[in-house]
Engineer: 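The following block contains the structure, expressed as structure tokens.
Residue indices begin at 1 and follow the sequence shown. As a basis for the values below, the full set of heavy atoms in this structure was taken, side chains included, without hydrogen atoms, waters or symmetry mates. Read the numbers this way: they start at 1 and go in the same order the structure lists the ligands and their atoms.
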Amino acid sequence: MNQLRLQELLAREHARFLSRTPTSRALLNERARSLPQGVASSFQSYQPYPLTIDQAQGATVTDADGNEYLDLHAGFGANVFGHAHPAIVKAATEQIAAGAHYAHPTRALAPYAEHLCERFDLDLVRLCNSGTEATMDAIRLARAFTGRDLIVRMEGSYHGHYDGLLISMKPLLTAVGEPPRPGVWANSEGIPHSMMGDVIPLSFNDARTIRQVLREQPVAAVIVEPVLCNLGLVQPVNGYLAALRDACDETGTVLIWDQVKTAATVSWGGAGDLYPLGLADLHCFGKAIGGGFPVGAYGGRADIMQLVTDGRVPGYGTFNGNPVTVAAGLAALTEVLTPGAYERFDEHHARIIPALESIIGEYELPCHAAALGAKGGLMFAPRMPRDYRDYLRLTDHTLALAAWLHLANRGILLAPGSDEQWTLPVCLTDQQADRIIGAYAALAADLAA
Ligand code: PMP
């Protein structure tokens with residue numbers, strides 16, 4: 001990689017972004033008077049500044065300056081069903097017209113929950129309002145079920161902004177020491193020290209150390225993203241998830257899969273379709289299962305969920321099972337995200353990934369391409385990392401930023417940051433898939449110019 005060329009391109013694309021999006025910049029300044037960072041979530045704050053979106057339809061979003069983008073950001077992976085799908089609009093608006101919130105069950109709740117149970121192989125499910133609530137509640141449930149406090153989590157995973165899991169999310173390496181047993185690190189100030197001692201951070205794809213740790217100490221739960229979707233797209237090595245399953249069975253530890261990003265995206269049935277031998281005891285959901293409305297859910301084995309049934313571990317929430325979320329989620333899952341949708345994703349990726357690989361080869365880019373169902377992308381590491389440390393060592397973050405700007409300036413919106421991936425919308429056309437390939441070819445040619 002010619003670093004001088006990369007810096008030139010970065011400066012040019014940065015300037016171009018600024019000149020194309022003055023309204024977004026002005027609106028950010030206006031919002032910053034009342035909102036920290038001018039946004040509603042710290043993840044929405046990115047460089048140079050976040051676009052303000054005025055509207056979206058199908059596979060595209062339009063920003064406040066009228067620029068249209070093919071939306072592969074997809075609201076951090078939630079909008080796999082595309083924007084304003086008629087079936088979801090109908091279900092949601094009919095429900096809004098009949099009242100948006102009752103804090104009572106609606107008729108759609110049973111078919112929605114039954115669908116979740118069938119699709120993700122759960123005995124019982126409890127709804128909540130975000131992925132964070134799902135992981136927080138699932139952890140409490142696992143602790144109650146086992147009578148233990150310790151939690152194992154993998155460095156580099158994100159499990160939401162609950163205090164107990166905002167520990168060693170993306171640790172500062174100089175502060176935590178080396179694997180196989182790194183120390184803990186708080187990803188925010190304000191995390192109680194008392195909670196830090198209950199978290200054991202380990203490396204993804206290292207089954208040996210997990211087995212040792214579980215044999216040595218009484219661990220309540222291992223929580224893991226079956227595919228790391230917060231380090232690009234890091235897949236488990238052969239046998240890793242099955243080994244986790246075995247180690248948890250041997251030691252009576254609850255295995256929790258955080259499927260907030262994988263559910264209804266990597267496959268119809270989420271990660272369970274891909275790794276049936278590693279199937280978890282509890283699963284956490286969010287994002288794509290709510291049709292674009294705030295949602296979360298957790299569920300799994302009947303004997304563990306029994307603690308919710310009998311009130312020993314209540315699952316609270318004013319907006320749990322919100323009627324609009326349930327109506328929209330049911331329409332999204334049963335009418336839009338059907339098995340055929342996943343065949344389409346595979347068809348798209350069967351064309352896109354080899355095309356990206358040939359671009360990578362031709363221009364000798366330090367990148368690799370990966371895909372699973374609707375998720376994929378060109379990642380800025382020469383091969384798929386094994387874990388967080390590997391990801392940090394291999395990833396070219398400057399190239400990632402330059403690529404993000406280059407694509408945004410040409411009407412393709414990706415989630416910012418090298419730790420994200422794209423999410424294809426169901427309605428993506430072949431022409432739009434070709435645009436993605438063309439955009440990366442243009443980026444590569446520009447880098448080589
Ligand atoms: N788990 C994973 C794997 C996630 O990616 C996220 C959000 N990116 C969460 C949990 C938290 O979900 P939410 O933002 O809905 O709280």
Side-chain angles (χ1 to χ4, degrees), residues 39-46 72-80 120 126-140 142 151-170 187-188 199 201 204 221-236 241 255-266 270-272 274-275 280 282-300 315 317 319-320 322 325 328-329 332 372-375 377 387-388 391 414-423:
V39 289
S41 156
S42 299
F43 278 133
Q44 289 174 21
S45 177
Y46 58 83
L72 306 182
H73 179 305
F76 283 130
N79 292 321
V80 64
F120 301 118
R126 168 54 54 104
L127 299 186
C128 52
N129 303 290
S130 66
T132 298
E133 290 187 15
T135 58
M136 176 179 75
D137 288 356
I139 290 286
R140 186 184 306 121
I151 298 298
V152 167
R153 58 108 73 231
M154 309 310 149
E155 288 185 334
S157 267
Y158 178 62
H159 297 299
H161 56 275
Y162 158 54
D163 281 354
L165 288 171
L166 207 51
I167 294 170
S168 289
M169 183 250 282
K170 292 209 164 85
N187 272 86
S188 166
V199 176
F204 190 67
V222 171
I223 184 164
V224 63
E225 284 182 274
V227 177
L228 297 189
C229 296
N230 287 284
L231 290 183
L233 199 64
V234 175
Q235 291 168 41
L241 293 176
L255 179 58
I256 303 175
W257 274 7
D258 180 347
Q259 294 219 57
V260 169
K261 276 191 142 179
T262 55
T265 59
V266 297
L274 308 178
Y275 312 106
L282 290 178
H283 300 257
C284 302
F285 305 102
K287 297 197 193 263
I289 67 162
F293 291 86
V295 73
Y298 54 100
F319 285 101
N320 286 10
N322 171 259
T325 299
L372 273 182
K375 297 228 164 252
D387 57 27
Y388 174 58
Y391 159 86
L414 293 164
S418 10
D419 51 357
E420 280 289 337
Q421 66 294 129
W422 70 44
T423 307

Engineer: Numbering the atoms of ligand 1 from 1, which are under 4.0 Å from a heavy atom of His159?
Structural biologist: 1 (N), 10 (C)

Engineer: Rounded to the nearest 0.5 Å, how far does OG of Ser168 lie from OH of Tyr388?
Structural biologist: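 Reported to 0.5 Å precision, the distance equals 9.0 Å.
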
Engineer: Distance to 0.1 Å, residue and atom name: give those for the protein heavy atom nearest to atom 3 (C) of ligand 1.
Structural biologist: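 Residue, atom and distance for the closest contact: Tyr158 O, 3.1 Å.
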
Engineer: Suppose I only count heavy atoms of Ser130 and a 4.0 Å limit; which atoms of ligand 1 are within that range?
Structural biologist: 15 (O), 16 (O)

Engineer: Taking only heavy atoms of Glu225, which atoms of ligand 1 are found under 4.0 Å from at least one of them?
Structural biologist: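 Reading through ligand 1 atom by atom, the close ones are 3 (C).
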
Engineer: Only counting residues at least two apart or in another chain, list the ones meeting salt bridge (Lys or Arg N to Asp or Glu O under 4.0 Å) with Glu420.
Structural biologist: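 Counting only residues at least two positions away or on another chain, Glu420 forms a salt bridge (Lys or Arg N to Asp or Glu O under 4.0 Å) with Lys261.
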
Engineer: Hey, is the main chain of Pro294 close enough, under 3.5 Å, to the side chain of Thr325 for a donor-acceptor pair?
Structural biologist: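 Yes: the side chain of Thr325 pairs with the backbone of Pro294.
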
Engineer: Side chain, backbone, both or neither: which applies to Thr132 and ligand 1 if a contact is any heavy-atom pair less than 4.0 Å apart?
Structural biologist: both

Engineer: Taking heavy atoms and a distance under 4.0 Å, where does Thr135 meet ligand 1: side chain, backbone, both or neither?
Structural biologist: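 No part of Thr135 is near ligand 1 at this cut-off.
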
Engineer: Over 60° means perpendicular and under 30° means parallel, so tell me whether His283 and Phe285 are parallel, tilted or perpendicular.
Structural biologist: parallel

Engineer: Is it the case that ligand 1 has an N or O less than 3.5 angstrom from some N or O of Gly131?
Structural biologist: yes

Engineer: Can you list the steps and then say if Tyr158 with Phe43 is a ring-ring contact (aromatic ring centres under 6.0 Å, His included)?
Structural biologist: CA-CA 12 Å; Tyr158 178 62; Phe43 278 133; 5.0 Å; yes

Engineer: Just to be sure I'm reading this right: ignoring hydrogens, which of His161, Lys287, Met136 gets closest to atom 7 (C) of ligand 1? Compare them by their nearest heavy atoms.
Structural biologist: Lys287

